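For the single chain, residues carry numbers from 1 onward in sequence order. One-based numbering, in listed order, for ligands and for the atoms of each. In this text, all values refer to a predicted model and were calculated from it rather than measured experimentally.
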Amino acid sequence: MHEWKVPLGRLEFGEDEIEAVAAVYRSGWLSMGPRTEELERRFAEYTGARHAVAVTNGTAALHLICLAAGIGPGDEVIVPSLTFVATVNAVRYVGATPVFADVNGVDRPWLAPAAVSGRISDQTAAIINMAYGGYPGDTAALAELAADRGLVLLEDAAHGLGASAGGRHLGTFGLAGAFSFFSNKNLPVGEGGMVVTDDDGVAERTRLLRSHAMTAVSWDRRRGRASGYDVRELGFNYRIDEPRAALATARLARLDRDNSLRAERAVAYREALAAIAGVEPTAAPAGDSISAHHLFTAVLDRDLDRAAIRESLAGDGIETSLHYPPVHRLSAYSRTADGVNLPQTDEYATRAITLPLHPSLSQEEVGYVADRLAAAVR
Ligand SMILES: *Cc1c(COP(=O)(O)O)cnc(C)c1O
């Protein structure tokens, strides 16, 4: 493993968090049970959603919300291309067709309501928004658009845990939202995910489908609540387990503190980068929006050589990344995405760079990254 002086992320677990996991192993019960129920309770409370259903990862959460929304063959679902491939794969898992829409611009790289509007057809069933980098972006406007046009809004809120707009948590603007607890996310567990919804039917269907559509899970049988089960339809094993649920619950207690540390470092980056010509950070959250600051990204001027700048930073021990190679350019999609025109997405994807951002990043490290970036640009 490369020894970065300033890595993109850094994982640190408190003794209390490690103890919470150890306690699960001592309890002798590992599969979905009381700790999962507690995580779901806390998560619903935290996001303000009526229901939270824990699953094995964020991709499973996306798959289940597409199914629970009733999306299927013949349906079109409008998605960003500037996202992780899982957002778009979920649409294909249920046999529907993803339709890509562009982002606003290089300073606001999230799904543009006007672009979405232009892609709505008679087949459109839903829109999936992805709050890029943890910024609420135009989520509220997309919710309004979906309501006006009689479409379902789903949210891939993998970047947005702790983010809100107008006091409303990301993931709760539409019919359902999906979160991820992958190790690079704001609530890192390793693998894990969550579905949130205010809809009783969606919650029930999600609970059923995550465990083979069985009418009882083994925890119910252990508690004597059921002695047998029926299988109602074709389901999946998308269950989380108790050690991961316990870790997620413990981490949730420090999420707001972690996110405010991320926010402070994002402010420091903005101040430092303001002095570097040719480097423009993603627009700061506006109005009543609160970002989860999952990523800190900036676009470089067209005449700057991004690969050379990344290499120079790597030479200084600074890890950088690219979020994302647009999905319509990936081999799995490029053949079917023929004729798709996403100029803002392509422009952003060619010029954007992701800098290190995590709760234990120090002010000095931000200063060092900015200083080395300024030197690389020169
Ligand atoms: C991480 C991520 C996912 C997938 O989550 P997993 O838990 O890794 O399955 C989906 N969408 C986005 C935007 C992500 O960043």
Side-chain angles (χ1 to χ4, degrees), residues 8-9 11 36 39 43 52-67 77-94 98 100-101 103 109-111 126-139 142 153-163 170-171 173-174 176-196 206 210 236-241 244-245 247-248 251-252 259 262 282 291-297 321-328 330 332-333 345 348-349 352 354 357-358:
L8 272 177
L11 282 177
T36 303
L39 170 63
F43 202 92
V53 183
V55 293
T56 193
N57 57 54
T59 306
L62 285 166
H63 184 185
L64 291 179
I65 62 175
C66 286
L67 280 171
V77 179
I78 300 174
V79 291
S81 173
L82 192 68
T83 185
F84 183 57
V85 67
T87 318
V88 190
N89 283 350
V91 174
R92 287 178 60 192
Y93 293 161
V94 299
F100 295 109
V103 297
W110 38 77
L111 207 48
I127 302 164
I128 304 183
N129 186 43
M130 198 285 272
Y132 182 92
Y135 296 90
D138 290 317
T139 306
L142 288 167
L153 176 72
L154 299 175
E155 292 177 75
D156 178 344
H159 294 189
L161 185 54
L170 289 191
F173 279 82
F179 292 90
S180 165
F181 307 144
F182 185 64
S183 42
N184 67 1
K185 301 297 183 342
N186 289 33
L187 194 150
V189 164
E191 300 283 358
M194 188 71 78
V195 167
V196 296
T206 304
R210 80 171 153 182
F236 308 89
N237 178 359
Y238 281 170
R239 295 183 301 262
I240 196 169
D241 58 23
R244 293 187 292 148
L247 183 57
R251 294 292 297 198
L252 192 57
N259 280 359
R262 286 172 178 270
T282 295
S291 172
H293 297 285
H294 175 58
L295 301 176
F296 190 87
T297 46
S321 188
L322 304 178
H323 290 90
Y324 288 93
V327 177
H328 75 289
L330 303 174
Y333 283 92
T345 295
Y348 184 81
T354 304
L357 181 64
H358 51 83

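Between His323 and His159, the ring-plane angle classifies as perpendicular under the 30° and 60° cut-offs. Ring-plane geometry between Tyr324 and Phe84 is classed as tilted, the angle between the planes lying from 30 to 60 degrees on a 0 to 90 degree scale.
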_Test log, rule side chain to side chain donor-acceptor pair (under 3.5 Å), inputs Asp156 and Tyr132_ = CA-CA 9 Å; Asp156 178 344; Tyr132 182 92; over 6 Å; no
*Using the side chain to side chain donor-acceptor pair (under 3.5 Å) rule, take Tyr348 and Thr297 through it: C-alpha gap first, then chi angles, then the decisive distance, then the call.*
CA-CA 10 Å; Tyr348 184 81; Thr297 46; 3.2 Å; yes
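Because its NZ or CZ atom is not both nearer than 6.0 Å to the ring centre of Phe296 and within 45° of the ring axis, Arg262 does not count as a cation-pi partner of that residue.
If you look at Tyr238 and His63, their ring centroids are closer than 6.0 Å.
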For ligand 1, which of its N or O atoms have a protein N or O partner closer than 3.5 Å, and how long is each gap?
residue  : atom   : partner : partner atom : Å
ligand 1 : 5 (O)  : Ser180  : OG           : 3.2
ligand 1 : 7 (O)  : Gly58   : N            : 2.7
ligand 1 : 7 (O)  : Ser180  : OG           : 2.7
ligand 1 : 9 (O)  : Gly58   : N            : 3.3
ligand 1 : 9 (O)  : Thr59   : N            : 2.9
ligand 1 : 9 (O)  : Thr59   : OG1          : 2.5
ligand 1 : 11 (N) : Asp156  : OD1          : 3.4
ligand 1 : 11 (N) : Asp156  : OD2          : 2.7
ligand 1 : 15 (O) : His159  : NE2          : 3.0
ligand 1 : 15 (O) : Lys185  : NZ           : 3.3
ligand 1 : 15 (O) : Tyr324  : OH           : 3.4

